[in-house]
Amino acid sequence: MNIEVLLTEAEIAQEFADSLEARDLPEKFFYWTPLSVKRWKELSERSEGSLRATWESLAAKAAGLTAPFGAKVPVISLGAGEGLKDRLFLRALVAAGRDVKYFPVDASQTLLEMAVAGAEDDDVEVLGIKADIASHMHLVLAADVSEAPRIFLMVGNTLGGFDPMDQIKQVADVVQKGDILIIDARLRDGAALPPREEQRRFVFAPLEAAGVTPDDGQVDFAENRDDRLDGLYMVTRRFQAARDLRFQAGGKEVPMARGERILLNFRYMYTAEAFRWLLTEHAGLRVVGEMNSPDGRFITAVCIRA
Ligand SMILES: C[S@@+](CC[C@H](N)C(=O)[O-])C[C@H]1O[C@@H](n2cnc3c(N)ncnc32)[C@H](O)[C@@H]1O
């Protein structure tokens, strides 16, 4: 199994302890431990179903979309996870006779191994890249695995786990003339979110892995507008300790007093107009195709450099 490591487990463990001390846990820790991966898989089964039609339709268009590429098609998936959607697309490219090279990029060793193993099962040439896609340097290094034209994927509402105003600019920055970026977003007015209890189990997993039990405190959800852009909404999740606690993190103990709060990962949601504005006016991309999932929960855009 080929995996290039730009972000080591020791660095993630150190950052986890630092983030607990800062009372603010970024997105990557919610896919890090085996418990988090299990909970993520339980939760993501719903969006897999919701986005399946979109990916079948993209797979049907894969050969046409990549016609200007010639025989060689590099596919770089940012926040690839298990790579299930990516594989529908990769298989279609292989069936169209393309020489596909797949580069799943993710901070989660476990999910990256699954993505690499899945591609190997499909006889696709694959190199996993363990990296932090919030880091501009890592994004540039990941993009440099191949020359343009390349397909970039950022799907399954991966953008929604970051500040989209910053992150989309960083991603757009590595998209060059000839490249294609396929990116999706969760629409705020789509069908209901997964039940709160399932979301709670998912967001609580990093704390549980650090020795905290559900009786040790409470997870609250709140939805707020992001005043920077009309149509941009953020769901925040916070844990509040019901008693004095000690987290086990990165080989040390991190104390937390009763009543203190930790910000867990957040999720951005958008109106279709706000998502288009982010891609075009804000990040300087051109949208050449757009698809809505049949249940109206997701919008997927095919973009090129403007
Ligand atoms: C919402 S999931 C989507 C996964 C996959 N694309 C899908 O459609 O199922 C987000 C993915 O981004 C990864 N991720 C989160 N933060 C990251 C970071 N800072 N650097 C690299 N990967 C990250 C997670 O490990 C996870 O696999």
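For the single chain, residues carry numbers from 1 onward in sequence order.
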Enquirer: Could you pull out the closest heavy-atom pair between Ala96 and Ala63, with the gap in Å?
Expert: CB-CB, 3.6 Å
Enquirer: Compare all side-chain heavy atoms of Arg267 with those of Glu27 and state whether any distance is below 4.5 angstrom.
Expert: yes
Enquirer: Which residues pass the ring pair (Phe, Tyr, Trp, His ring centres under 6.0 Å) test with Phe247, sequence neighbours left out?
Expert: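 Phe247: no ring pair (Phe, Tyr, Trp, His ring centres under 6.0 Å) contacts found.
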Enquirer: Just to verify, what does Phe275 make a ring pair (Phe, Tyr, Trp, His ring centres under 6.0 Å) with, not counting sequence neighbours?
Expert: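 Only Tyr270 meet the ring pair (Phe, Tyr, Trp, His ring centres under 6.0 Å) criterion with Phe275.
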Enquirer: Taking only residues two or more places apart in sequence, or in another chain, which ones meet Glu273 in a salt bridge (Lys or Arg N to Asp or Glu O under 4.0 Å)?
Expert: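 For Glu273 there are no salt bridge (Lys or Arg N to Asp or Glu O under 4.0 Å) partners, ignoring immediate neighbours.
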Enquirer: Minimum heavy-atom separation for Lys177 and Arg305, please, with both atom names.
Expert: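 Smallest interatomic distance, heavy atoms only, reads N-CG, 3.8 Å.
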Enquirer: Report the residues that fulfil salt bridge (Lys or Arg N to Asp or Glu O under 4.0 Å) with Arg23, sequence neighbours left out, ordered by chain and then residue number.
Expert: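 Listed in chain order: Glu260.
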Enquirer: If we count only N and O atoms by modelled type, under 3.5 Å, do the side chains of Gln170 and Asp166 hold a donor and an acceptor together?
Expert: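 No, no side-chain donor-acceptor pair sits under 3.5 Å.
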Enquirer: Suppose we screen for salt bridge (Lys or Arg N to Asp or Glu O under 4.0 Å). Which residues come up paired with Arg200, at least two apart in sequence or across chains?
Expert: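 With sequence neighbours excluded, Arg200 shows a salt bridge (Lys or Arg N to Asp or Glu O under 4.0 Å) to Glu197, given in chain and number order.
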Enquirer: Tell me, do Glu253 and Gln248 make a side-chain contact under 4.5 Å, heavy atoms counted?
Expert: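 Yes - at least one pair of side-chain heavy atoms lies under 4.5 Å apart.
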Enquirer: Quickly, which of Thr280, Ile183, Val171 forms a side-chain contact (heavy atoms from CB on, under 4.5 Å) with Cys303? Name it, please.
Expert: Ile183
Enquirer: Partners of Arg225 by salt bridge (Lys or Arg N to Asp or Glu O under 4.0 Å), sequence neighbours excluded?
Expert: none
Enquirer: For Phe202, check ring pair (Phe, Tyr, Trp, His ring centres under 6.0 Å) against everything at least two apart and list the hits.
Expert: Tyr31, Trp40
Enquirer: Please answer whether the main-chain N or O of Ile299 pairs with a side-chain N or O of Asn292 as donor and acceptor at a distance below 3.5 Å.
Expert: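 It does not hold such a pair.
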Enquirer: Give, for atom CD1 of Ile180 and atom CD1 of Ile151, the distance between the pair rounded to the nearest 0.5 Å.
Expert: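 Spacing of CD1 (Ile180) from CD1 (Ile151) equals 4.0 Å.
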Enquirer: Could you tell me the separation between the OG1 atom of Thr271 and the CZ atom of Arg276, rounded to the nearest 0.5 Å?
Expert: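 Result: 8.5 Å between the selected atoms.
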Enquirer: Sort out for me which residue in Thr300, Asp295, Val155 forms a side-chain contact (heavy atoms from CB on, under 4.5 Å) with Leu51.
Expert: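 Result: among Thr300, Asp295, Val155, Thr300 is the only option passing the side-chain contact (heavy atoms from CB on, under 4.5 Å) with Leu51.
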Enquirer: I need the minimum non-hydrogen distance between Pro164 and Leu232, along with the two atoms involved.
Expert: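 Smallest interatomic distance, heavy atoms only, reads CG-CD1, 4.0 Å.
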Enquirer: Check step by step if side-chain contact (heavy atoms from CB on, under 4.5 Å) holds for Val126 and Asn2.
Expert: CA-CA 7 Å; Val126 53; Asn2 280 338; over 6 Å; no
Enquirer: With a cut-off of 3.5 Å and sequence neighbours excluded, list every side-chain donor-acceptor pair involving residues 138-149.
Expert:
from, atom 1, to, atom 2, distance (Å)
His138, ND1, Asp132, N, 2.9

Enquirer: Taking the side chain from Ser57 and the backbone from Ala53, do they hold a donor-acceptor pair closer than 3.5 Å?
Expert: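 Looks like no, no N/O pair under 3.5 Å.
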Enquirer: Quick one: side chain to side chain donor-acceptor pair (under 3.5 Å) pairs with a partner in residues 65-75, sequence neighbours left out?
Expert: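 Listed once each, the pairs are Thr66-Arg98.
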Enquirer: Please determine which of Leu285, Leu278, Leu279 meets the side-chain contact (heavy atoms from CB on, under 4.5 Å) test together with His282.
Expert: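 Exactly one option meets the side-chain contact (heavy atoms from CB on, under 4.5 Å) with His282, and it is Leu278.
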Enquirer: In the structure I gave you, are the side-chain heavy atoms of Met154 and Ile133 within less than 4.5 Å of one another anywhere?
Expert: yes
Enquirer: Measuring from Arg238:CZ to Gln218:CD, what's the distance to the nearest 0.5 Å?
Expert: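 The CZ atom of Arg238 sits 10.0 Å away from the CD atom of Gln218.
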Enquirer: Sequence neighbours left out, what pairs pass side chain to side chain donor-acceptor pair (under 3.5 Å) with at least one residue falling in residues 109-118?
Expert: Gln109-Glu113
Enquirer: Pair Leu43, Gln199 - check side-chain contact (heavy atoms from CB on, under 4.5 Å), show working.
Expert: CA-CA 7 Å; Leu43 191 70; Gln199 293 187 60; 4.3 Å; yes
Enquirer: For the CG atom of Asp226 and the CE atom of Met165, what is their distance to the nearest 0.5 Å?
Expert: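 Going from the CG atom of Asp226 to the CE atom of Met165 covers 7.0 Å.
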Enquirer: Is Val219 linked to Leu35 within one hydrophobic cluster, defined over Ile, Leu, Val, Met, Phe, Trp and Tyr using a side-chain heavy-atom separation of less than 4.5 Å?
Expert: no
Enquirer: Taking Arg237 for its side chain and Asn265 for its backbone only, find out whether a donor-acceptor pair lies under 3.5 Å.
Expert: yes
Enquirer: Report yes or no: do Tyr102 and Val5 belong to one cluster of Ile/Leu/Val/Met/Phe/Trp/Tyr joined by side chain heavy-atom distances under 4.5 Å?
Expert: yes
Enquirer: Give a yes or no on whether the backbone of Leu7 and the side-chain of Lys130 come within a donor-acceptor separation of less than 3.5 Å.
Expert: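 A pair under 3.5 Å: yes.
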Enquirer: For Met137, I'd like to know if atom CE has over 12 heavy atoms of other residues, nucleotides or ligands within 6.0 Å.
Expert: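 Incorrect, the count does not exceed 12.
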Enquirer: Could you tell me whether the side chain of Glu198 reaches within less than 4.5 Å of the side chain of Glu45, counting heavy atoms only?
Expert: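 The answer is no, as the side chains (C-beta and beyond) never meet within the 4.5 Å cut-off.
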Enquirer: Go through the structure and list residues passing side-chain hydrogen bond (donor to acceptor under 3.5 Å, both in side chains) with Trp277, not counting sequence neighbours.
Expert: none
Enquirer: Under 4.5 Å between side-chain heavy atoms, hopping through other hydrophobics if needed: is there a path connecting Leu263 to Trp32?
Expert: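 Result: no, two separate clusters.
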Enquirer: Should the pair Arg52-Glu56 be classified as a salt bridge under the 4.0 Å nitrogen-to-oxygen rule?
Expert: yes
Enquirer: Taking Leu6 as the starting point, is it possible to reach Val174 by hopping between hydrophobic residues whose side chains are less than 4.5 Å apart?
Expert: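 They do share one cluster, since a chain of ILVMFWY contacts under 4.5 Å joins Val174 to Leu6.
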Enquirer: Are Leu112 and Leu84 joined in one hydrophobic group, where the rule is that I, L, V, M, F, W and Y side chains link up if heavy atoms are under 4.5 Å apart?
Expert: no
Enquirer: Find out whether Val212 and Met256 are in side-chain contact, i.e. whether some heavy atom of one side chain is under 4.5 Å from a heavy atom of the other.
Expert: no
Enquirer: Work out which heavy atom in Val254 is nearest to a heavy atom in Ala17; give both atom names and the distance.
Expert: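 Smallest heavy-atom distance, with atoms named: CG2-O, 4.2 Å.
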Enquirer: Between Gln240 and Gly259, is there a donor-acceptor pair closer than 3.5 Å when you use the side chain of the first and the backbone of the second?
Expert: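 Here the side-chain-to-backbone pair exists.
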Enquirer: For a side-chain contact (heavy atoms from CB on, under 4.5 Å) check, start with the C-alpha distance between Tyr268 and Gln167, then their side-chain angles and the critical distance, and finish with the verdict.
Expert: CA-CA 12 Å; Tyr268 269 93; Gln167 189 68 26; over 6 Å; no
Enquirer: Supply the atom-to-atom distance Glu4 CD to Ile129 CD1, rounded to the nearest 0.5 angstrom.
Expert: 6.0 Å
Enquirer: Determine, stepwise, if the pair Lys61 / Met291 fulfils side-chain contact (heavy atoms from CB on, under 4.5 Å).
Expert: CA-CA 12 Å; Lys61 295 184 177 106; Met291 266 162 285; 4.2 Å; yes
Enquirer: Return the minimal non-hydrogen interatomic distance between Val287 and Ala301, and the atom names on each side.
Expert: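 Closest heavy-atom pair between Val287 and Ala301: CG1-CB, 4.2 Å.
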Enquirer: Could you measure the distance from the OG atom of Ser108 to the CD atom of Glu82? Nearest 0.5 Å is fine.
Expert: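 Output value for this atom pair is 10.0 Å.
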Enquirer: Is it true that a side-chain atom of Arg186 and a backbone atom of Asn157 form a donor plus acceptor pair closer than 3.5 Å?
Expert: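 Here the side-chain-to-backbone pair does not exist.
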Enquirer: Using side-chain hydrogen bond (donor to acceptor under 3.5 Å, both in side chains) as the criterion, list what pairs up with Asp163, not counting sequence neighbours.
Expert: Arg228
Enquirer: Taking all atoms of both residues into account, what is the closest heavy-atom pair of Ala274 and Asp230, and its distance?
Expert: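 Nearest heavy atoms, Ala274 then Asp230: CB-O, 3.5 Å.
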Enquirer: Indicate yes or no for a side-chain donor-acceptor contact from Asp216 to the backbone of Thr213 under 3.5 Å, with no hydrogens or angles considered.
Expert: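 Present.
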Enquirer: Counting only heavy atoms from other residues, nucleotides and ligands, does the tally under 6.0 Å from CZ of Arg258 exceed 12?
Expert: no
